[in-house]
Protein chains: 2
Amino acid sequence: MTRARLLEVAIAHFGRRGFEGASTRDIAAAAETAMSSITYHFGGKEGLYLACADHIAAQVRERQTEAFALFVDAAALTREDAIARILLIGDSMAVMMLHPASADWARFIVREQQDPTEAFDRLWEGVMKDLLLGVQALLSRVCPDHSQPELRALALLLFGQVMVLRSARASVCRALEVDELGPDEAALLRKRLRRNTIAVLNAETEE
Amino acid sequence: MTRARLLEVAIAHFGRRGFEGASTRDIAAAAETAMSSITYHFGGKEGLYLACADHIAAQVRERQTEAFALFVDAAALTREDAIARILLIGDSMAVMMLHPASADWARFIVREQQDPTEAFDRLWEGVMKDLLLGVQALLSRVCPDHSQPELRALALLLFGQVMVLRSARASVCRALEVDELGPDEAALLRKRLRRNTIAVLNAETEE
DNA sequence: GTCTATACTACGATAGAC
DNA sequence: GTCTATCGTAGTATAGAC
């Protein structure tokens, strides 16, 4: 499939060099097709860019199917079960962020986060919104007294711990004195994430 | 100063569009000078890019002078004082990340974090290394039993909570249902950061 | 559907006037 | 130090063959 190959290559190129920096020539060449295939399949460079966003949203959603399943019936859970689910979701996200395959699309997302275009709307509506609302619902079981904005802020900062594994990867590697994150570093970071999350949620529960 | 104006403009342009995406034509025009001034002052596009990294490092270091001062004599502190200092540093970083002025250089840094070039070395050696080592030293007062890698992982995830305010700004705004972060949102996020940090550090202390 | 060929614009670098 | 002028290259888009 020329179309599928173009999408995959384009996500990598747009992610690394940005919309303007990436060239349709390079993308077409790397996908082993002609430049005009982009016009045919996506209408042009911009169409290809937006299609990348849709593809990423679908891909992340598929990869996190098990995590999304943990959002159902949140209101009926005990506090302990809600905490357990939050820990599972956080770890699932961490594993994804630590996996090499997430590098390309994560670059794309981080770029859109800082300079949102129409592509960000698609990413947000496609996955992020549901992910954040889901965690918020679980958090409201853990901290029933918190206001909705407080729960959202909590969810965002918890996500921040996970996202730093991608968005500041170079510093993570430098700090841990490795060239790239291996199994040992992954285990260390996941353990730390789990313990931090437990600490935060327990502190909120005690009050 | 043509040189200073070029640096400021270039950080914004490189941050938004990346090294390849940004054009020396646009940078020169925005700095109200000729394109050849870049050649004269920085030797070319790449020289300008590296000079941007140095400038950012110096700028952040200057802006965080008070925070860096909190690193001195870490070994002699009580656990409570070390925690208090970590909270101050975290809040100082959060204020910086929430301030509109950090948008341009933060884009530059986040980009380098995901695709490090020689510019990342300059950012790391210029500020980040000392910042992370400093926090690590304070953390070792709080959790004297932890290994160095454990302390580094802890420091990284704590930073992640702060960095998410910039690196995922679009999602933060969407989640809080605002177009941009105002004083109310800033207060909410800073409070949450503080409480999370206290919770994490207390949990580690108890064991 | 995928290719080649081409039109037109914008890129970075540099030479040389002032 | 800063400008204008220009060179060679690389960008996107599109027309048209197959």
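What you see is a predicted model, and the numbers here were worked out from it, not measured in a lab.
Here dC11(C) is the nucleotide among dC11(C), dA13(C), dC3(D) with the atom lying nearest to any side-chain atom of Arg25(B). Closest to the side chain of Tyr40(A), out of dT2(D), dG12(C), dG1(C), is dG1(C). Out of dA13(D), dC3(C), dG12(C), the shortest distance to the side chain of Lys45(A) is found at dA13(D). Out of dC3(C), dG1(D), dT14(D), the shortest distance to the side chain of Thr39(A) is found at dT14(D). The side chain of Thr33(B) approaches dC3(D) more closely than any other nucleotide in the set dC11(C), dT2(C), dC3(D). Out of dC11(C), dT4(C), dA13(D), the shortest distance to the side chain of Asp26(B) is found at dC11(C).
Rounded to whole angstrom, the span from the CZ atom of Phe42(A) across to the C1' atom of dT2(C) amounts to 14 Å. With rounding to whole Å, Met1(A) atom CE is found 9 Å from dG1(C) atom P. Rounded to a whole Å, the CE atom of Met35(A) is 13 Å from the C1' atom of dC8(C). Phe14(B) has its CZ atom 13 Å from the C1' atom of dC11(C), to the nearest Å. Rounded to whole angstrom, the span from the CG atom of Leu6(A) across to the P atom of dG1(C) amounts to 14 Å. For Glu32(A) and dT4(C), the CD to P distance is 13 Å, given to the nearest whole Å. We find that OH of Tyr49(A) is positioned 20 Å from C1' of dA13(D), with the value rounded to whole Å. If you take CZ of Arg5(A) and C1' of dG1(C), they are 12 Å apart, rounded to a whole angstrom.
Within 4.0 Å (heavy atoms only), Ala28(B) reaches no atom of the nucleic acid at all.
No donor-acceptor contact under 3.5 angstrom links the side chains of Ser92(A) and Glu66(A), judged on distance only. Side-chain contact annotation: Glu112(A) with Thr117(A), donor-acceptor N/O pair under 3.5 Å present.
One finds the CZ atom of Arg85(A) at 10.0 Å from the CZ atom of Phe71(A) (value rounded to the nearest 0.5 Å).
Within the 4.5 Å cutoff, side-chain heavy atoms of Glu204(B) are placed close to those of His146(B).
The cationic atom of Arg61(A) (NZ for Lys, CZ for Arg) lies less than 6.0 Å from the six-membered ring centre of Phe68(A) and within 45° of the ring axis.
OP1 and OP2 of dG1(C) both lie 4.0 Å or more from every side-chain N or O belonging to Ser37(A). Applying the 4.0 Å criterion to OP1 and OP2 of dA10(C), one finds that Ser23(B) has every side-chain N and O outside that range.
Donor-acceptor pairing under 3.5 Å, judged by distance alone, is present between the side chain of Ser36(B) and the base of dT4(D).
Position along DNA chain D of the nearest nucleotide to Arg17(A) versus Arg3(B) favours Arg3(B) as the more 5'-ward residue.
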